[in-house]
Amino acid sequence: MSAKRLQQLKSHILPEQKVEAMAGSPSPLTTHVLNTANGVPGSNMAISLHRQDPSTLAWCLINNGTTNADGRCPGLITKQLFVSGVYKMRFETAPYWESMGETSFYPYVEIVFTINDADQKYHVPLLLSRFSYSTYRGS
């Protein structure tokens with residue numbers, strides 16, 4: 001097994017607290033993109049986080065980011081800005097696959113979810129291949 005692959009595996013075993021400590025102030029909302037087709041983190045993928053305005057139902061951009069080498073995007077939102085409501089994470093999948101010389105059936109993936117208790121921590125990973133994706137609420 002290559003040293004690069006061993007390092008990738010090791011980074012997945014690190015406790016979440018250590019990852020948060022390395023990223024700075026822990027975000028109450030985290031994500032992790034995993035390229036399940038190749039068995040590697042989805043690095044260098046653009047992500048945007050939006051919150052829906054409850055009165056107009058319009059999406060308001062909160063933050064933009066890019067996944068790191070481990071497929072994570074630390075610092076999406078601060079504890080102070082994290083309130084109950086409907087949120088959307090948009091993952092720019094087409095440019096990600098194009099950067100590897102591949103095409104994708106999904107030009108982007110939007111995951112819409114409801115936050116009822118902003119005092120909890122939410123983890124919303126994206127498991128991705130060129131022709132499928134899945135997500136779940138992690139911890």
Side-chain angles (χ1 to χ4, degrees):
M1 189 175 289
S2 74
K4 180 180 178 183
R5 182 66 182 137
L6 286 172
Q7 182 59 35
Q8 288 172 335
L9 291 171
K10 180 181 174 188
S11 68
H12 289 288
I13 298 170
L14 282 175
E16 187 71 22
Q17 295 82 7
K18 182 156 184 166
V19 172
E20 288 173 351
M22 293 183 322
S25 178
S27 176
L29 176 64
T30 57
T31 190
H32 191 190
V33 179
L34 296 168
N35 174 337
T36 57
N38 299 334
V40 296
S43 59
N44 296 315
M45 184 181 296
I47 299 176
S48 57
L49 177 65
H50 309 257
R51 184 173 37 238
Q52 191 175 52
D53 182 305
S55 58
T56 66
L57 302 182
W59 291 107
C60 304
L61 178 66
I62 296 171
N63 201 0
N64 288 306
T66 304
T67 57
N68 61 20
D70 189 39
R72 298 176 190 274
C73 189
L76 277 176
I77 191 168
T78 64
K79 180 86 171 135
Q80 294 76 20
L81 292 178
F82 195 56
V83 296
S84 297
V86 178
Y87 288 79
K88 171 175 71 174
M89 273 196 263
R90 180 179 166 120
F91 299 82
E92 301 299 333
T93 55
Y96 169 76
W97 290 109
E98 288 167 4
S99 74
M100 296 184 293
E102 308 224 22
T103 60
S104 172
F105 184 69
Y106 301 101
Y108 59 87
V109 171
E110 291 184 332
I111 302 172
V112 179
F113 51 96
T114 302
I115 300 299
N116 291 316
D117 181 359
D119 290 327
Q120 291 186 26
K121 182 182 179 325
Y122 295 83
H123 183 64
V124 183
L126 175 65
L127 288 72
L128 180 68
S129 77
R130 293 175 44 217
F131 300 105
S132 68
Y133 67 89
S134 65
T135 187
Y136 58 93
R137 180 189 170 186
S139 58

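Count residues from 1 along the sequence.
The closest side-chain donor-acceptor pair between S129 and S132 falls under 3.5 angstrom. Remark: the H123 side chain and the T30 side chain contain an N/O donor-acceptor pair separated by less than 3.5 Å.
Checking side-chain atoms of N63 against main-chain N and O of L76 turns up a donor-acceptor pair under 3.5 Å. At least one donor-acceptor pair under 3.5 Å links the side chain of T93 to the backbone N or O of P107. Listed for the N35 side chain is no donor-acceptor partner under 3.5 Å among the backbone atoms of G71. Side-chain atoms of R130 do not come within 3.5 Å of backbone N or O of F105 as any donor-acceptor pair. Here the side chain of T135 pairs no donor or acceptor atom with the backbone of L126 at under 3.5 angstrom. Between the side chain of Y122 and the backbone N or O of T114, no donor-acceptor pair lies under 3.5 Å. T66 places no side-chain N or O within 3.5 Å of a backbone atom of N44 that could act as its donor or acceptor partner.
Pairs passing the salt bridge (Lys or Arg N to Asp or Glu O under 4.0 Å) check and including a residue from residues 104-115, sequence neighbours excluded, read K88-E110, R90-E110.
Grouping Ile, Leu, Val, Met, Phe, Trp and Tyr by side-chain contacts under 4.5 Å, direct or through others, puts V86 with W59, V112.
Paired with L29 under the rule side chain to side chain contact (heavy atoms under 4.5 Å, CB included), one option of T78, I62, I77 passes, and it is I77. A side chain to side chain contact (heavy atoms under 4.5 Å, CB included) with N38 is found for one member of V40, L34, T36 and no other, namely V40.
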Could you go step by step and tell me if D70 and H32 meet the side-chain contact (heavy atoms from CB on, under 4.5 Å) rule? CA-CA 8 Å; D70 189 39; H32 191 190; 4.1 Å; yes

Go through the steps for Y96 and M100 under the test side-chain contact (heavy atoms from CB on, under 4.5 Å), then give the verdict. CA-CA 7 Å; Y96 169 76; M100 296 184 293; 3.4 Å; yes

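By the side-chain contact (heavy atoms from CB on, under 4.5 Å) test, Y136 pairs with P125, L127, sequence neighbours left out.
Surrounding CZ of F113 are more than 12 heavy atoms belonging to other residues, nucleotides or ligands, all under 6.0 Å away.
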